[in-house]
**Student:** 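Let me give you the structure first, and then I'll get to my questions.
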Amino acid sequence: MSPKNVIFKKACKDKSVAVYMGRRDFVDHVDSVDPVDGVVLIDPELLKGKKAYVTLSCTFRYGRDDMDVMGIAFRRDIYLSTRQIYPPLQDREQCTLTKVQEKLLRKLGHNAYPFFFEFPDNLPCSVGLQPAPTDVGKHCAVEFEVKVFSAENLDAKVRKRSTVRLMIRKVQYAPEKSGPAPSVSVTRDFLMSDKPLRVEASLQKQTYYHGEPIKVRVNINNESNKNIKNVILSVDQIATVVLYSNDSYMKSVTTEDSGDTLGPGGKMEKVYTLLPLLTNNKERRGIALDGKLKHEDTNLASTSIIKEGVLKEVLGILVSYRIIVKLIIGGLMGSSEIGLELPFQLMHPKPETVRESEMDDDMVFEDFKRSFMKGMTEDEEEGNISAGEP
């Protein structure tokens, strides 16, 4: 069965409400964001006169839920929107439905109700900083969640057994039109040397996909009387937490120590290959990752692309990448360095989209699966629920 027909579902423990969604990733196209849509199936007998609600929330976490240092809150709700889904406040015939919702409503029957949210254009994308292996609890992250629950009203206490929580992701893909290929050159003069040393570094393009080798062309013209003792290249990831204190975390996610040397008057042109992968950084704290769904595999965070006019302060964590080319220069008084910086974008390619009109009526229902970590209880994974609004 084609994956385009997969429907993700999850029901609460007391079976009073269940959620069905056609996808878990929602794309930020910079100028617009895919809306969040789905269907809630309710059981009127199990609801026992209660109402059913659905919320879309964006939360920024800067440490575990139980941490509170000098009065600083380590959790902040950036966005929250709530809809009453049952009893419906609008006749179903008046609703504008997506093709997926239409098919789900036909499949699930008269106790199914659609919901629809539009993202504001100033919300960050899903991203988190990798905790150390010894860390426990929630890490620093921007997270999105769809939550469905039943309660007497929004102010009433909500039971976990009557609540469904689904983690979703807001993602960006590589732009269709890439910018100019990065190129940089440096000329360095030295004392006691009549002529300079010239270095040029360049990439083939601006945007690279996750898992794609990055070829860096380095051209050195050493007219000086200095010895180049080594050429070292690295890919640096810079994650800036802009919501609180503008802290920046710079991590080299891959390094090439070439050992190449070049004497006075020598020339060298060489292409080096770098491959930044999360698999080589699994144990390193502070590496920025694309948002996780439960404990599924993820990858290095993608470059953040910001819509013009949006305040950076509300965007949580911004991620960028650069390649550093470093030449180690020998000398009588010790070694010195020459560094060149090439900024680039690391992103996912835009997947092929299937028009809703082309989707088959046959649908495959797949659970929002939990992959429990050893020693973690369900309550620890799902968090605490005490009221209708988080």
**Student:** Could you check whether Ser185 and Glu200, counting side-chain N and O atoms only, form a donor-acceptor pair closer than 3.5 Å?
**Tutor:** no
**Student:** Any link between Ile324 and Val235 through a network of hydrophobic side chains (Ile, Leu, Val, Met, Phe, Trp, Tyr) touching at under 4.5 Å?
**Tutor:** no
**Student:** Apply side-chain contact (heavy atoms from CB on, under 4.5 Å) to Lys215 and list each qualifying residue two or more places apart in sequence or on a separate chain.
**Tutor:** Gln204, Val271, Thr273
**Student:** Parallel, tilted or perpendicular: which describes the rings of His348 and His210, with under 30° parallel and over 60° perpendicular?
**Tutor:** tilted
**Student:** Side-chain heavy atoms under 4.5 angstrom apart, residues restricted to Ile, Leu, Val, Met, Phe, Trp, Tyr: same cluster for Phe190 and Leu327?
**Tutor:** yes
**Student:** Is any side-chain heavy atom of Asn230 less than 4.5 Å from a side-chain heavy atom of Asp257?
**Tutor:** yes
**Student:** Hey, does the side chain of Ser304 reach the backbone of Val319 with a donor-acceptor pair shorter than 3.5 angstrom?
**Tutor:** yes
**Student:** What pair of heavy atoms forms the shortest contact from Ala112 to Val39, and how long is it?
**Tutor:** CB-CG1, 3.6 Å
**Student:** Do Val171 and Ile168 share a hydrophobic cluster, counting only Ile, Leu, Val, Met, Phe, Trp and Tyr and linking them when any side-chain heavy atoms are less than 4.5 Å apart?
**Tutor:** no
**Student:** For the hydrophobic clusters of this structure (ILVMFWY residues joined by side-chain heavy atoms under 4.5 Å, transitively), does one cluster hold both Val231 and Ile338?
**Tutor:** yes
**Student:** Just to verify, what does Lys229 make a side-chain hydrogen bond (donor to acceptor under 3.5 Å, both in side chains) with, not counting sequence neighbours?
**Tutor:** Ser335
**Student:** Determine, step by step, whether Arg83 and Phe115 satisfy the side-chain contact (heavy atoms from CB on, under 4.5 Å) criterion, reporting the C-alpha distance in whole Å, the side-chain angles of both residues, the deciding distance to 0.1 Å, and the verdict.
**Tutor:** CA-CA 8 Å; Arg83 307 267 194 275; Phe115 65 87; 5.6 Å; no
**Student:** Quick one: does any side-chain atom of Asn222 pair with a main-chain N or O of Gly263 as donor and acceptor, under 3.5 Å?
**Tutor:** yes
**Student:** Any side-chain heavy atom of Ile42 within less than 4.5 Å of one from Pro44?
**Tutor:** yes
**Student:** Under 3.5 Å, is there a donor-acceptor pair between the side chain of Asp34 and the main chain of Val27?
**Tutor:** yes
**Student:** Is any side-chain heavy atom of Val199 closer than 4.5 Å to one of Leu197?
**Tutor:** yes
**Student:** Which atom names give the shortest non-hydrogen contact between Val142 and Cys58, and what distance separates them?
**Tutor:** CG1-SG, 3.9 Å
**Student:** Output the distance between atom OG1 (Thr254) and atom CG (Leu233), rounded to the nearest 0.5 Å.
**Tutor:** 10.0 Å
**Student:** Considering non-hydrogen atoms only, spot the tightest contact between Tyr79 and Pro120 and give its length.
**Tutor:** CE1-CG, 3.4 Å
**Student:** Taking atom CD of Glu118 as the centre, does the number of heavy atoms from other residues, nucleotides or ligands within less than 6.0 Å exceed 12?
**Tutor:** no
**Student:** I would like to know whether Thr303 and Phe344 meet side-chain contact (heavy atoms from CB on, under 4.5 Å); could you show each step before the answer?
**Tutor:** CA-CA 9 Å; Thr303 300; Phe344 72 100; over 6 Å; no
**Student:** Kindly indicate whether the side chain of Leu278, heavy atoms from C-beta on, has any atom under 4.5 Å from the side chain of Gln130.
**Tutor:** yes
**Student:** Do other residues, nucleotides or ligands put more than 12 heavy atoms under 6.0 Å from Glu269 CD?
**Tutor:** yes
**Student:** Going by the rule side-chain contact (heavy atoms from CB on, under 4.5 Å), which residues pair with Leu46 if we only count those two or more places apart in sequence or in a different chain?
**Tutor:** Lys15, Ser16, Asp43
**Student:** With respect to Phe144, which candidate in Phe119, Phe117, Phe26 satisfies the ring pair (Phe, Tyr, Trp, His ring centres under 6.0 Å) definition?
**Tutor:** Phe119
**Student:** Hey, which of Val17, Thr55, Val54, Val164 is the one that makes side chain to side chain contact (heavy atoms under 4.5 Å, CB included) with Phe149?
**Tutor:** Thr55
**Student:** Once you round to the nearest 0.5 Å, how far does NZ of Lys9 lie from CG of Leu104?
**Tutor:** 11.5 Å
**Student:** With heavy-atom distances below 4.5 Å as the criterion, would you say the side chains of Ile232 and Thr255 are in contact?
**Tutor:** yes
**Student:** Could you measure the distance from the OG atom of Ser150 to the CD1 atom of Ile85? Nearest 0.5 Å is fine.
**Tutor:** 13.0 Å
**Student:** Measure across Val36 and Met21 and return the closest heavy-atom pair with its distance rounded to 0.1 Å.
**Tutor:** CG1-CE, 3.8 Å
**Student:** How far does NZ of Lys251 sit from CG of Leu300, to the nearest 0.5 angstrom?
**Tutor:** 13.0 Å
**Student:** Could you tell me which non-hydrogen atom of Met347 sits nearest to which non-hydrogen atom of Tyr173, and how far apart they are?
**Tutor:** CE-O, 3.4 Å
**Student:** Would Ile238 and Leu318 show up in the same hydrophobic cluster when neighbours are defined by side-chain heavy atoms closer than 4.5 Å?
**Tutor:** no
**Student:** Which value, rounded to the nearest 0.5 Å, describes the distance between Lys170 atom NZ and Cys125 atom SG?
**Tutor:** 4.0 Å
**Student:** For Tyr53, is the NZ or CZ atom of Lys51 found under 6.0 angstrom from the centre of its six-membered ring and inside 45 degrees of the ring axis?
**Tutor:** no
**Student:** Considering non-hydrogen atoms only, spot the tightest contact between Gly286 and Gln237 and give its length.
**Tutor:** O-OE1, 4.4 Å
